[in-house]
There are 2 protein chains.
Amino acid sequence: MSEIKQTSTNFSNKIALSDECPEAYASTIIGGQWTLVICSWLLSGKLRFGELKKKLPNITERMLTLQLRKLEENKIISRTVYAEVPPRVEYELTSIGYALKPVIKELEDWGASHKKLTSA
Amino acid sequence: MSEIKQTSTNFSNKIALSDECPEAYASTIIGGQWTLVICSWLLSGKLRFGELKKKLPNITERMLTLQLRKLEENKIISRTVYAEVPPRVEYELTSIGYALKPVIKELEDWGASHKKLTSA
DNA sequence: TACATTGCCTACCAATTGTTAGGTACTATA
DNA sequence: TATAGTACCTAACAATTGGTAGGCAATGTA
């Protein structure tokens, strides 16, 4: 997760795809390794940085920060900083973030049945 | 898309996540750049390699091959080879592949509304 | 004064994903 | 004989994504 080199072929391919296919567009936004898991935790209410960290197995602080930043950029979560010491920061889904709920649900259902199928 | 080094931390993180969260599991399977687009074309019926290629903007043959192989491995599509010259190969969704339909639909809807929101 | 707490940030490196540019096999047609 | 068509494959490389290990600031407590 660094920057995207806006001159690469990779980049223009993604743009072209996203232009034509909303589902490809969506997957560039929520396709990160941790993105959906973070969102699914946030579906049940706002959480602090440290709380999220505890809920996510093995995530490093760097990754969590990066993912949260990306989600914030994409208006999926909002970030509230309380000017206290030690600092407190709360993350919460925006309305378009909450709109992910059916997506996550379908994905969960499908994932579960696929898993059952292939482990049998 | 090469192999996955099964000793990496990346790898074990993905496993751990997939174990607990069906949605993370699902996204490792259908999270490729082209995966969903391919599936959404196949939702309307079987297609040949060359036909798929025409429908996907800018995809290289190598990428298409890799993605199709991955989908086949995951039992999402089936592959039928006709022993003709020149060769003919048809790809078709399996039943778990067709089960992706609602997922794709939700993703499309969400993608479309997110796009509208952010371009406004 | 030393240390803990919280939510980050930085530099660097490892792994994964995607692209470029070439090739193959086999047959049929020009 | 030269060329075209189909569905691939390979080596080498470029870009992106994820991980490791450290650091910082301000304040409260020991």
Side-chain angles (χ1 to χ4, degrees), chain A residues 1-17 24 27-35 37-38 46-54 56-72 77 79-91, chain B residues 1-18 24 27-38 46-54 56-72 77 79-91:
Chain A
M1 302 212 87
S2 37
E3 297 124 54
I4 299 184
K5 205 162 285 182
Q6 307 211 341
T7 49
S8 68
T9 319
N10 273 10
F11 182 77
S12 46
N13 266 352
K14 264 182 194 155
I15 295 297
L17 258 182
S27 91
T28 66
I29 295 183
I30 57 166
Q33 180 172 167
W34 304 94
T35 320
V37 197
I38 294 175
K46 60 174 76 164
L47 287 172
R48 298 182 57 181
F49 185 88
E51 292 173 323
L52 271 172
K53 200 188 146 194
K54 270 175 222 142
L56 302 171
N58 303 332
I59 198 172
T60 59
E61 299 190 335
R62 180 183 127 92
M63 265 302 117
L64 185 49
T65 305
L66 285 173
Q67 301 283 342
L68 289 170
R69 287 282 180 282
K70 188 182 158 198
L71 287 170
E72 203 195 342
I77 60 174
R79 184 168 177 265
T80 314
V81 183
Y82 296 87
E84 306 170 352
V85 168
R88 183 158 65 97
V89 183
E90 284 181 347
Y91 295 93
Chain B
M1 302 214 86
S2 33
E3 298 125 53
I4 298 184
K5 203 163 286 183
Q6 306 210 342
T7 48
S8 68
T9 319
N10 271 10
F11 182 77
S12 45
N13 267 352
K14 264 181 194 156
I15 296 297
L17 258 182
S18 303
S27 91
T28 66
I29 295 183
I30 57 167
Q33 181 170 168
W34 304 94
T35 321
L36 282 174
V37 197
I38 293 175
K46 59 173 76 166
L47 288 172
R48 299 182 55 183
F49 185 88
E51 291 172 324
L52 270 173
K53 199 188 146 194
K54 271 175 221 141
L56 302 171
N58 304 332
I59 198 171
T60 59
E61 298 191 334
R62 182 182 128 92
M63 263 303 114
L64 186 49
T65 304
L66 285 174
Q67 300 283 341
L68 289 170
R69 287 283 181 282
K70 189 183 158 197
L71 286 170
E72 204 194 342
I77 60 174
R79 183 168 177 266
T80 314
V81 184
Y82 297 87
E84 308 169 350
V85 169
R88 184 158 64 97
V89 183
E90 284 181 347
Y91 295 93

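Heavy atoms only: backbone and side chains are in, while hydrogens, waters and symmetry mates are out. Within every chain, numbering begins at 1; the chains are lettered A, B, ... in the order of the sequence lines, protein sequences first and strands thereafter.
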Does Q33(B) put a side-chain nitrogen or oxygen below 4.0 Å from OP1 or OP2 of dT16(D)? no
Does Q67(B) make a side-chain N or O approach to OP1 or OP2 of dT17(C) shorter than 4.0 Å? no
With no hydrogens and no angle check, is any side-chain donor or acceptor of T65(B) less than 3.5 Å from a backbone partner on E61(B)? yes
Comparing N13(A) with E51(A), nearest DNA chain C nucleotide closer to 5' gives the residue E51(A)
How many whole angstroms separate atom CE of M63(A) from atom C1' of dA15(C)? 12 Å
For the pair made of CG in N10(B) and C1' in dT16(D), what is the distance, rounded to whole Å? 12 Å
Whole Å only: how far is the CG atom of L68(B) from the P atom of dC8(D)? 7 Å
Compare all side-chain heavy atoms of W34(B) with those of L66(B) and state whether any distance is below 4.5 angstrom. no
If you check the V85(B) side chain, which of dC9(C), dC26(C), dG7(C) turns out closest? dC26(C)
Looking across every strand, which nucleic acid part, if any, lies under 4.0 Å from Y82(B) by heavy atom: base, sugar-phosphate, or nothing? nothing
Of the listed nucleotides (dC9(D), dT6(D), dT17(C)), which one gets closest to any side-chain atom of K14(B)? dT17(C)
5' priority, DNA chain D, between N58(A) and G50(B) [closest heavy atom]: G50(B)
Please give, in whole Å, the distance from dA7(D) P to R69(B) CZ? 12 Å
Here's a test of your reading of the structure: between T7(A) and G31(A), which maps to the more 5' nucleotide of DNA chain D? T7(A)
OP1 or OP2 of dC8(C) under 4.0 Å from side-chain N/O of R79(A): yes
Do T7(A) and F11(A) come close enough that some side-chain heavy atom pair is under 4.5 Å? no
What is the distance from CG of L64(A) to P of dG7(C), rounded to the nearest Å? 10 Å
When rounded to whole Å, the CD to P distance for the pair E84(B) and dT6(D) reads 12 Å
How do R88(A) and T9(A) order along DNA chain C: which one's closest nucleotide is nearer the 5' end? R88(A)
Can you see whether T80(A) engages E90(A) through a side-chain donor-acceptor pair at a distance of less than 3.5 angstrom? no
Name all residues meeting the salt bridge (Lys or Arg N to Asp or Glu O under 4.0 Å) criterion together with R69(A); count only those two or more places apart in sequence or in a different chain, and write none if there are none. none
In whole angstrom, what separates F11(A)'s CZ from dA15(D)'s P? 13 Å
To the nearest angstrom, the CD1-C1' distance between I59(A) and dG19(D) comes to 11 Å
For a quick test of reading the model: is some side-chain N or O of R62(A) closer than 4.0 Å to OP1 or OP2 of dT20(D)? no
